[in-house]
Amino acid sequence: MPWTKVFIEKDETNILQSEGLRVLSFRNALKEAQAQILTKYPEAFLMGEGVDDVGGIFGTTLGLVDQFGKERVMDIPLAENGMTGIAIGAAAAGMKPIFIHQRSDFLPMCFDQIVNHAAKLHYMTGGQVHVPLVIRNIIGRGFGSAAQHSQGLHGIFLHIPGIKIIMPSTPYDVKGLLIAAIEDENPILFVEHRWIYDYMGFVPEEMYSIPIGQGIIRRNGKDITIVALSHMVYESMKAAILLEKEGIDVEVIDPRTVKPMDEELIFQSVSKTGRLIVADVACKTGGIGAEVICKMIERNINLFKVPPVRINFPDTPTPSSPVLEDAYYPTVSHLVRAVKSMV
Amino acid sequence: MPWTKVFIEKDETNILQSEGLRVLSFRNALKEAQAQILTKYPEAFLMGEGVDDVGGIFGTTLGLVDQFGKERVMDIPLAENGMTGIAIGAAAAGMKPIFIHQRSDFLPMCFDQIVNHAAKLHYMTGGQVHVPLVIRNIIGRGFGSAAQHSQGLHGIFLHIPGIKIIMPSTPYDVKGLLIAAIEDENPILFVEHRWIYDYMGFVPEEMYSIPIGQGIIRRNGKDITIVALSHMVYESMKAAILLEKEGIDVEVIDPRTVKPMDEELIFQSVSKTGRLIVADVACKTGGIGAEVICKMIERNINLFKVPPVRINFPDTPTPSSPVLEDAYYPTVSHLVRAVKSMV
Amino acid sequence: MGTEIPAGACKFYIESRVINPKEDDKVMGRRAKNLSDENLIDLYRTMIKIRLFEEKIIDVYSAQDMRTPVHLYIGQEAIAAGVCLHLGPKDYITTNHRSHGHCLAKGMDPKVLFAELYGKRTGCCRGKGGSMHPASVEHGILGTSAIVGGGIALAVGNALAANMRREKRVTVAFFGDGATEEGIFFECLNFASLKRLPVVFICENNLYATNSPITNRQPNSYLWTRGGIYDIEGYFIYDNDVLGICQKAREAINKARSGFGPSLLECRTYRWKGHVGPEEDHEKGARPKSELDLWKNRCPIKCFRNYLIYSRKIRASLLNEIENTMRHSIDEAWQIGKNEPYPDQDELYQNVYFQKTT
Amino acid sequence: MGTEIPAGACKFYIESRVINPKEDDKVMGRRAKNLSDENLIDLYRTMIKIRLFEEKIIDVYSAQDMRTPVHLYIGQEAIAAGVCLHLGPKDYITTNHRSHGHCLAKGMDPKVLFAELYGKRTGCCRGKGGSMHPASVEHGILGTSAIVGGGIALAVGNALAANMRREKRVTVAFFGDGATEEGIFFECLNFASLKRLPVVFICENNLYATNSPITNRQPNSYLWTRGGIYDIEGYFIYDNDVLGICQKAREAINKARSGFGPSLLECRTYRWKGHVGPEEDHEKGARPKSELDLWKNRCPIKCFRNYLIYSRKIRASLLNEIENTMRHSIDEAWQIGKNEPYPDQDELYQNVYFQKTT
Ligand SMILES: Cc1ncc(C[n+]2csc(CCOP(=O)(O)OP(=O)(O)O)c2C)c(N)n1
Ligand SMILES: Cc1ncc(C[n+]2csc(CCOP(=O)(O)OP(=O)(O)O)c2C)c(N)n1
Ligand SMILES: [Mg+2]
Ligand SMILES: [Mg+2]
């Protein structure tokens with residue numbers, strides 16, 4: 001199915017095009033989703049530092065200001081906590097803001113408003129009010145981005161009831177999930193990764209949405225399950241191709257949404273393979289991997305043939321030096337090595 | 001050993017006193033630790049909203065201002081993020097602040113400074129600077145404290161490299177661990193629980209410290225391991241007493257420090273019992289329980305005889321109504337029921 | 001004729017004030033010029049309602065069945081009453097941990113509020129919010145934060161929504177002096193002014209945050225000046241001066257409604273009860289009793305009552321009747337609220353996530 | 001004689017300025033009255049050092065072996081140089097993402113900084129900080145935050161430590177106009193004034209945060225006024241006026257050192273290069289070229305050089321010599337820094353937690 005497939009090489013998408021299917025980059029799929037949301041929902045608007053500028057948030061909002069004006073593609077002061085609170089207040093009053101952070105690292109600035117306000121308002125008001133707020137945030141890996149410009153902080157939101165977490169990996173999904181996020185009308189952390197913007201894939205022109213909470217099998221396999229998030233989906237697919245040559249059959253699962261999580265899909269897969277790697281774009285301890293593995297063992301203590309493995313950033317801040325950065329990020333070869341040690 | 005024992009009833013401590021041992025409440029042990037720290041380290045000081053007032057942070061700082069003056073027992077403006085940054089700057093310049101929050105719920109206000117600054121400064125400066133900052137914070141359960149005044153948020157700091165987490169449960173430990181925290185000279189989240197301040201126990205008069213990273217077996221047992229944190233230590237001990245009558249032999253482990261975690265102690269215990277409950281004073285998903293269970297299964301997939309269980313607050317904000325609050329908090333009977341279902 | 005305060009943290013701050021109603025007359029009279037007798041009586045009724053509602057809480061609190069931390073508003077009634085007089089049901093307000101006065105002044109039914117305080121199913125938040133988190137969409141209260149400063153951002157967000165929809169709603173943010181220390185206050189002032197949002201910031205300066213006097217926390221206490229850096233006009237309203245509040249609030253609300261952006265009012269006041277709970281602060285030594293006595297002399301209700309009687313020639317018996325009627329209806333509201341059923345335990349799991357009802 | 005700017009976001013903001021050195025003479029002269037020729041030449045040397053250091057980066061950046069995001073300071077040199085002239089090695093400064101100028105002016109060795117930019121083992125942070133997080137304890141730079149506003153709090157904390165220890169150290173916080181929108185700025189101003197801390201706030205108003213002009217972000221741009229609400233004196237220093245900066249910074253630093261508390265200086269300036277990287281903003285259409293041209297005309301180095309030559313009668317050849325010597329030493333520093341060894345991979349795991357070496 002063209003909408004489930006992950007295209008690692010641009011060339012692959014030529015086939016799609018030759019079949020008359022529309023191919024878009026992740027970046028442009030995201031932009032299209034936002035344009036369609038702004039068109040369909042008058043109460044929707046974008047806000048963020050630089051959303052209307054020539055950079056256009058890595059190109060994902062480029063040109064939208066010309067189409068929708070400065071009020072709905074709103075540049076804002078550098079005041080992340082206050083502006084998040086303002087977004088929440090607007091959402092509570094019926095608007096649908098999409099708040100955009102150039103880096104996930106700026107989320108701690110507005111943790112007060114996200115954790116103590118957005119996530120709790122619906123509950124505290126006994127359901128009178130709800131907060132349709134989507135918080136786009138981008139993990140910025142590479143080129144010495146260092147400790148304060150490259151974190152993946154989505155894991156901590158797992159622990160906060162009242163907020164959902166979405167981590168799209170393909171152009172098809174990013175469009176469908178952003179639209180789903182807006183229509184869901186809950187506070188949603190929408191986590192992107194700077195390294196997947198250029199990946200291409202089939203993206204229908206019309207508006208569509210993808211159910212929140214449904215993962216997807218990116219590749220069927222019987223030997224081992226890799227649950228891969230965001231950019232790790234691509235790395236895992238590459239690893240799977242390499243491993244195939246060695247006769248190891250990897251199943252790659254892309255949960256797409258982390259909260260709610262498609263536990264059943266993962267469980268079925270691991271029930272079959274008996275082996276599990278969780279690959280995430282964040283530090284290891286206290287992250288999503290722990291929760292996934294814990295959930296599995298809670299369901300069946302005999303599930304695993306070998307100990308499950310978490311592939312993550314190490315539990316250190318991100319260093320700046322290129323040699324240290326290289327050592328920091330897990331790569332395809334980490335995945336390959338881990339798989340080989342497990343089968 | 002009097003310093004390892006948990007005293008549930010005040011009466012029990014009479015024995016200690018009759019043996020000439022000194023008995024103090026958790027509250028007063030904490031106060032004594034602070035007084036001794038302030039005396040020994042001229043660079044140490046307390047800061048927090050109301051540290052010098054008649055409430056004295058639930059009595060834990062009462063009177064210290066008279067002894068040490070307003071500069072070292074410093075009332076501060078309501079500006080948690082800025083004040084945390086200021087504490088970090090002072091710590092980087094050689095001071096040893098103890099920053100006190102009346103509720104853990106106010107930590108999100110200063111998440112920026114804790115996560116992006118305190119936890120990273122030592123690393124980012126290549127080790128030139130370090131940040132001896134202790135952040136006391138109190139979980140405020142009960143009497144309708146509701147969604148913004150009763151959270152346990154320590155779990156999210158597991159995911160942040162560069163910060164340690166300490167959760168003392170006994171008077172002996174709170175004194176020894178606070179002193180250890182100050183002497184450790186790292187950023188440390190020091191998590192207390194309002195419901196344990198009145199528990200009594202043996203507390204030596206002299207200064208002493210407890211190694212960070214060493215858990216303790218509060219009760220030996222062979223049938224099941226409960227890893228209990230903070231207030232849950234008391235609940236687990238109560239459950240163990242009840243279960244003993246039914247012939248079930250519970251081992252209660254108090255990790256005391258969550259990061260670093262005494263993995264080995266827990267592993268040995270579960271290797272013996274084959275059964276594990278992790279009981280924490282925070283929401284379930286993405287919390288400490290998941291990490292502990294995951295760590296165990298990574299070490300040995302055949303460890304568990306039955307699925308491990310997490311006892312937590314449910315994944316909802318805290319409601320205000322007394323009937324809902326009752327339903328919200330896990331109790332001794334939850335623990336008893338869970339244990340029974342597992343043996 | 002000043003009043004000497006023997007001791008107390010706020011000594012330097014408290015200026016002399018003439019309580020004698022005869023002498024106050026001229027100022028008060030000027031301020032009341034746009035207000036009919038009916039308006040004035042409304043104002044009085046709202047203040048009495050708040051006072052009696054909270055006195056009821058004090059009466060019953062020791063029974064420990066109202067299990068919610070109450071931050072009482074007694075002594076500050078003039079502010080909620082004076083501001084809300086000018087608001088319609090569609091206008092928004094945000095309140096804070098000290099919420100009762102604002103909710104009642106904005107029109108919430110005392111029995112629904114009592115039910116909420118008792119954690120009952122028919123409480124405004126189905127028992128999930130309690131005293132610190134009341135909400136009532138029909139009264140324009142879209143949720144209450146007990147995180148200091150939190151409500152200010154919500155208010156600016158409400159105002160932004162109104163603005164984007166070209167609605168004529170005004171939003172009023174009520175908050176304490178402590179909230180002006182949180183950075184979010186300035187982030188919100190900046191944005192509100194930048195976008196000329198229809199919002200009025202009401203700072204209730206009761207000189208303390210918990211037990212900390214403002215002198216421990218800010219180098220000066222001219223909180224009305226805080227918006228000047230953003231070209232936001234600021235006003236200071238003298239101790240519990242209900243007509244002053246009324247007049248300035250009207251101007252500010254009208255200005256906001258007409259599209260001319262935000263204003264900031266600092267209303268100086270004093271809370272009579274402890275930061276939380278029904279005791280008085282001097283009982284535990286948090287502040288001198290003389291300070292409280294001084295401010296009891298400036299009781300907003302007593303002063304206003306004197307004014308109504310001596311200057312507006314309103315009969316004392318009418319005011320007594322209002323009080324008696326109100327006392328009766330508060331009693332009744334309390335009876336009803338207290339006796340409502342508790343929510344089912346299952347309610348615990350409701351409303352964590354919004355579910356569409358399509 | 002004003003300068004018309006054909007288009008551009010900051011048009012309203014830029015006032016006429018006479019660049020003619022002869023006419024500037026009188027003002028400049030007055031400002032320089034406490035400065036010896038030696039001081040002036042120091043000042044010139046520091047500015048040249050910063051300029052050449054960054055021009056070197058521009059030269060070599062396309063090789064992509066300096067893998068760190070560089071936020072260049074070119075055009076703003078007068079500020080770091082003018083302020084740091086008055087600081088001793090024990091005084092603290094905090095800088096931000098745009099760090100090079102402050103570090104060099106405070107005395108850091110260019111080769112250690114180059115090594116850091118190249119991620120080398122001998123870099124000031126052993127290659128872990130990069131351009132956004134330099135530190136050098138011996139120069140009073142205890143760590144750098146690239147979170148906007150973060151360094152302001154660190155500075156106030158440094159000053160608090162100095163105060164508690166009764167040391168005479170002064171702390172200077174350098175930050176941009178964007179940082180004045182973060183709430184933490186106000187939280188810090190309040191506390192610094194409350195405790196009269198020895199800190200000087202230097203706001204480098206270059207009129208933009210990333211690509212957003214200040215008019216998109218604040219209702220007015222009188223950033224020097226922001227501390228007034230806390231009784232902090234504020235000063236505005238005209239476009240790149242290095243002697244003005246020098247004079248006001250000295251006053252503020254002396255005041256802080258003498259125990260009279262904080263000051264806030266807004267120094268108006270302009271960055272010539274993109275927010276990050278060596279390109280110029282007009283190349284991608286972020287702002288009009290004419291605006292840049294205007295500000296290039298106000299180049300702090302060029303203007304100061306003219307002043308030195310025409311008014312102070314300092315020989316051009318001396319200034320040229322300074323430049324040549326500096327160029328040579330920067331080249332050398334670059335060579336050395338670039339050729340240092342990389343850290344071992346194991347360095348990745350060092351310094352997560354502080355380990356006592358007892
Ligand atoms: C962010 C935050 N910090 C601290 C608290 C604890 N707290 C609750 S109310 C309060 C004092 C607030 O003072 P003020 O704003 O003046 O309001 P008042 O209580 O005087 O009406 C404090 C410190 C809180 N709720 N939120
Ligand atoms: C809290 C935070 N928000 C956003 C950013 C992204 N960012 C980096 S620099 C910058 C602009 C800063 O502008 P200003 O303070 O004026 O400094 P300048 O770059 O102009 O020197 C922004 C938005 C950040 N680093 N931190
Ligand atoms: Mg107050
Ligand atoms: Mg700037």
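Reminder, nothing fancy here: chain letters follow the sequence lines and each chain counts from 1. What you are looking at is a predicted structure, and each value in this text was computed from that prediction instead of being measured. Just so you know, these numbers use all the heavy atoms, side chains as well, and skip hydrogens, waters and symmetry mates.
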Top contributor to chain B interface from Gly183(C), Gly123(C), Gly178(C) [non-hydrogen pairs under 4.5 Å]: Gly178(C)
Over all atoms of both residues, closest heavy-atom pair of Val54(B) and Gly285(C): CG1-O, 3.6 Å
Asp75(B) CG to Arg217(C) CZ distance, which is reported to the nearest 0.5 Å: 8.0 Å
Any Leu348(C) side-chain heavy atom under 4.5 Å of Val323(B) side chain: no
Rounded distance [0.5 Å steps], CD in Gln345(C) versus OH in Tyr328(B): 14.5 Å
Ala146(C) versus chain B, the contacting section by heavy-atom distance below 4.5 Å: both
Other residues, nucleotides, ligands: >12 heavy atoms within 6.0 Å of Lys10(B) NZ: no
Pick from Gly144(B), Pro314(B), Ser321(B) with the largest number of heavy-atom pairs that fall under 4.5 Å of chain C: Ser321(B)
Option in Ala209(C), Gly150(C), Gly119(C) with maximal non-hydrogen atom pairs under 4.5 Å from chain B: Gly119(C)
NZ (Lys111(C)) with more than 12 external heavy atoms under 6.0 Å: no
Stepwise side-chain contact (heavy atoms from CB on, under 4.5 Å) check, Glu182(C) with Glu80(B): CA-CA 8 Å; Glu182(C) 297 284 2; Glu80(B) 290 80 0; 2.7 Å; yes
Test item: Glu347(C) and Leu324(B) side chains (from C-beta on) under 4.5 Å apart, heavy atoms: yes
Nearest-0.5 Å distance, NZ of residue Lys128(C) to OG1 of residue Thr316(B): 8.0 Å
For chain B, the option from Gly130(C), Pro69(C), Cys125(C) that forms the most heavy-atom pairs under 4.5 Å: Pro69(C)
Minimum heavy-atom distance His133(C)-Ala147(B), with the two atoms named: NE2-N, 4.2 Å
Leu78(B) and its side chain to side chain contact (heavy atoms under 4.5 Å, CB included) partner, picked from Asp177(C), Thr180(C), Val148(C): Val148(C)
Residue Tyr353(C) versus chain B: region with a heavy atom under 4.5 Å: neither
Heavy-atom contact with chain C under 4.5 Å, split by part of Asp52(B): side chain
Minimum-distance pair of heavy atoms, taken over all atoms of Ile147(C) and Met109(B): CG2-SD, 3.6 Å
Close side-chain approach of Lys70(B) and Asn216(C), heavy atoms under 4.5 Å: yes
Contact winner vs chain B - Thr68(C), Val352(C), Thr210(C), heavy-atom pairs under 4.5 Å: Thr68(C)
Residue part contacting chain B, namely of Asp346(C), when any heavy atom lies under 4.5 Å: neither
pair Tyr342(C)-Pro322(B): side-chain heavy atoms closer than 4.5 Å: yes
Verdict with reasoning, Gln148(B) to Met132(C), per side-chain contact (heavy atoms from CB on, under 4.5 Å): CA-CA 9 Å; Gln148(B) 293 176 333; Met132(C) 295 196 288; over 6 Å; no
